[in-house]
There are 2 protein chains.
Amino acid sequence: MNPIGNLNKIFESRIRLGVMSILMVNEEVNFNDLKQMLEVTDGNLASHLNTLEENGYLKVHKGFIGRKTNTTYAITPAGEKAFKGHLAALEHMIKFTR
Amino acid sequence: MNPIGNLNKIFESRIRLGVMSILMVNEEVNFNDLKQMLEVTDGNLASHLNTLEENGYLKVHKGFIGRKTNTTYAITPAGEKAFKGHLAALEHMIKFTR
DNA sequence: TGTTTTAGCTTTGTATTGCAAAGTGCTTTT
DNA sequence: AAAAGCACTTTGCAATACAAAGCTAAAACA
């Protein structure tokens with residue numbers, strides 16, 4: 001009945017939506033690449049990554065390339081489940097409009 | 001490249017998304033029915049309807065049923081175009097994740 | 001060796017948004 | 001006459017978004 005009842009509040013942000021969809025197709029992506037793909041400021045991206053991590057949807061890996069720091073982000077199983085649920089809700093809503 | 005570049009800012013709100021998807025399948029719907037379908041407070045709904053109207057996505061018709069007021073809402077051509085564009089962007093994003 | 005740049009943040013400040021609750025005016029129902 | 005419903009508007013607060021600035025450590029450059 002309610003076409004929006006199953007949408008996930010966390011994924012109402014365009015940036016968080018973008019992060020998740022990028023990480024669904026790329027096993028892990030570093031901070032800078034995400035920043036460039038989404039065309040956002042670094043502070044803004046960092047805070048969205050933070051809320052995704054706080055919700056258990058993302059895991060962070062602080063590593064190195066050679067001796068240069070390289071922080072990568074990847075989706076957790078919980079994140080994948082939540083995101084797929086959200087996409088299903090969106091698809092349902094879209095079908096509802098036909 | 002950017003999976004979220006074509007999303008419409010106006011439709012990032014779950015309630016506005018809900019209003020639009022309801023009005024895509026129902027030619028016109030009155031205030032109270034929208035309120036019940038979306039399970040929101042009247043003030044909250046009114047303000048979202050207002051922003052949709054301000055953006056030219058909705059037209060409002062203040063009429064009567066008998067002698068009782070009945071305000072109905074319907075999508076404008078611009079609203080339909082914008083919403084379809086947003087759905088296309090969402091579908092594109094969803095496909096991107098496969 | 002000193003200076004600048006880059007990566008990845010955190011902090012700060014502002015502006016916008018979301019929302020509930022209360023108030024309003026008109027009408028209908030009881 | 002009183003209560004309730006409809007369709008709002010207003011108020012006020014809390015959460016959010018975002019840019020900009022600051023910050024640390026390492027790297028690249030001169």
Side-chain angles (χ1 to χ4, degrees), chain A residues 2-5 7-23 26 28-55 57-75 86, chain B residues 2-5 7-23 26 28-55 57-75 86:
Chain A
N2 183 339
I4 56 168
L7 296 177
N8 186 331
K9 195 128 211 253
I10 300 296
F11 300 135
E12 273 177 56
S13 147
R14 70 201 290 101
I15 296 179
R16 293 196 292 266
L17 215 45
V19 168
M20 294 301 283
S21 64
I22 287 170
L23 292 180
N26 301 282
E28 50 177 20
V29 179
N30 68 33
F31 187 87
N32 220 30
D33 287 348
L34 282 175
K35 182 182 156 187
Q36 279 167 21
M37 288 187 216
L38 297 171
E39 299 167 54
V40 286
T41 57
D42 53 358
N44 194 5
L45 176 59
S47 75
H48 284 296
L49 289 172
N50 200 39
T51 71
L52 286 172
E53 198 196 348
E54 279 170 7
N55 280 274
Y57 294 167
L58 239 58
K59 57 177 177 291
V60 184
H61 178 240
K62 287 168 192 276
F64 293 88
I65 290 185
R67 284 167 54 208
K68 195 173 170 184
T69 59
N70 185 60
T71 308
T72 60
Y73 300 85
I75 290 186
H86 184 74
Chain B
N2 182 339
I4 56 167
L7 295 176
N8 186 331
K9 193 125 213 252
I10 300 295
F11 300 135
E12 272 177 58
S13 148
R14 69 201 290 102
I15 297 178
R16 293 197 290 268
L17 215 46
V19 168
M20 293 302 282
S21 65
I22 288 170
L23 292 181
N26 301 282
E28 49 177 20
V29 179
N30 68 34
F31 187 88
N32 221 32
D33 287 348
L34 283 175
K35 182 182 156 187
Q36 279 167 22
M37 289 186 215
L38 297 172
E39 301 168 51
V40 285
T41 57
D42 53 358
N44 194 4
L45 177 58
S47 76
H48 284 297
L49 289 172
N50 200 38
T51 73
L52 287 172
E53 200 196 346
E54 279 170 6
N55 280 273
Y57 293 168
L58 240 59
K59 56 176 179 287
V60 183
H61 179 240
K62 290 170 191 275
F64 293 88
I65 291 185
R67 281 166 55 207
K68 194 174 170 183
T69 59
N70 184 63
T71 308
T72 60
Y73 300 85
I75 290 185
H86 184 72

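Every chain is numbered from 1 and lettered A, B, ... according to where its sequence line falls, protein lines coming before strand lines.
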Do any N or O atoms of the protein come closer than 3.5 Å to N or O atoms of nucleotides 28-30 of chain D, and which pairs are they?
none

Touch class at under 4.0 angstrom, heavy-atom based, for [X] against every strand present:
| X | answer |
| --- | --- |
| A:Asn50 | nothing |
| A:Ser47 | nothing |
| B:Phe64 | nothing |
| B:Asp42 | base |

Review point. Quick one: CG on A:Leu7 to CD1 on B:Ile15, what's the gap to the nearest 0.5 Å?
Key: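 Going from the CG atom of A:Leu7 to the CD1 atom of B:Ile15 covers 11.5 Å.
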
Can you see if the side chain of [X] gets near the phosphate of [N] - specifically, an N or O under 4.0 Å from OP1 or OP2?
| X | N | result |
| --- | --- | --- |
| B:Asn32 | D:dC6 | yes |
| A:Thr71 | C:dA7 | no |
| B:His48 | C:dC19 | yes |
| A:Asn44 | D:dA19 | yes |
| A:Tyr73 | C:dA7 | no |
| A:Thr41 | D:dC18 | no |

[X] versus [Y]: any side-chain heavy-atom pair under 4.5 Å?
| X | Y | answer |
| --- | --- | --- |
| A:Met20 | A:Ile75 | yes |
| B:Ile22 | B:Leu38 | yes |
| B:Met37 | B:Val29 | yes |
| A:Arg16 | A:Val19 | no |
| B:Ile10 | B:His86 | no |

Nearest whole angstrom, please: distance from the [atom2] of [N] to the [atom1] of [X].
| X | N | atom1 | atom2 | value |
| --- | --- | --- | --- | --- |
| B:Ile65 | D:dG5 | CD1 | P | 16 Å |
| B:Asp33 | D:dA7 | CG | P | 9 Å |
| B:Leu52 | D:dA7 | CG | P | 17 Å |
| B:Leu38 | C:dC19 | CG | C1' | 15 Å |
| B:Asn70 | C:dC26 | CG | P | 19 Å |
| B:Leu58 | D:dA7 | CG | P | 14 Å |
| B:Leu45 | C:dA20 | CG | C1' | 14 Å |
| A:Glu12 | C:dT16 | CD | P | 20 Å |

Review point. So which one's nearest nucleotide on DNA chain C is more toward 5', A:Val60 or A:Lys9?
Key: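 The answer here is A:Val60.
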
Point to revise | Trace of the side-chain contact (heavy atoms from CB on, under 4.5 Å) decision for A:Tyr73 with A:Leu52 | key: CA-CA 10 Å; A:Tyr73 300 85; A:Leu52 286 172; over 6 Å; no

Practice item. Can you spot which of B:Thr72, B:Thr71, B:Asn70 makes a side-chain hydrogen bond (donor to acceptor under 3.5 Å, both in side chains) with B:Asn30? Key: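 Looking at B:Thr72, B:Thr71, B:Asn70, the match for B:Asn30 under the side-chain hydrogen bond (donor to acceptor under 3.5 Å, both in side chains) is B:Asn70.
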
Considering only side-chain heavy atoms of [X], which listed nucleotide, [options], is closest?
| X | options | value |
| --- | --- | --- |
| B:Lys62 | C:dG8, C:dT10, D:dA7 | D:dA7 |
| B:Arg16 | C:dG18, C:dG8, D:dT9 | C:dG18 |
| A:Ile15 | C:dG8, C:dC19, D:dC18 | D:dC18 |
| A:Thr69 | D:dA19, C:dG8, D:dC6 | C:dG8 |

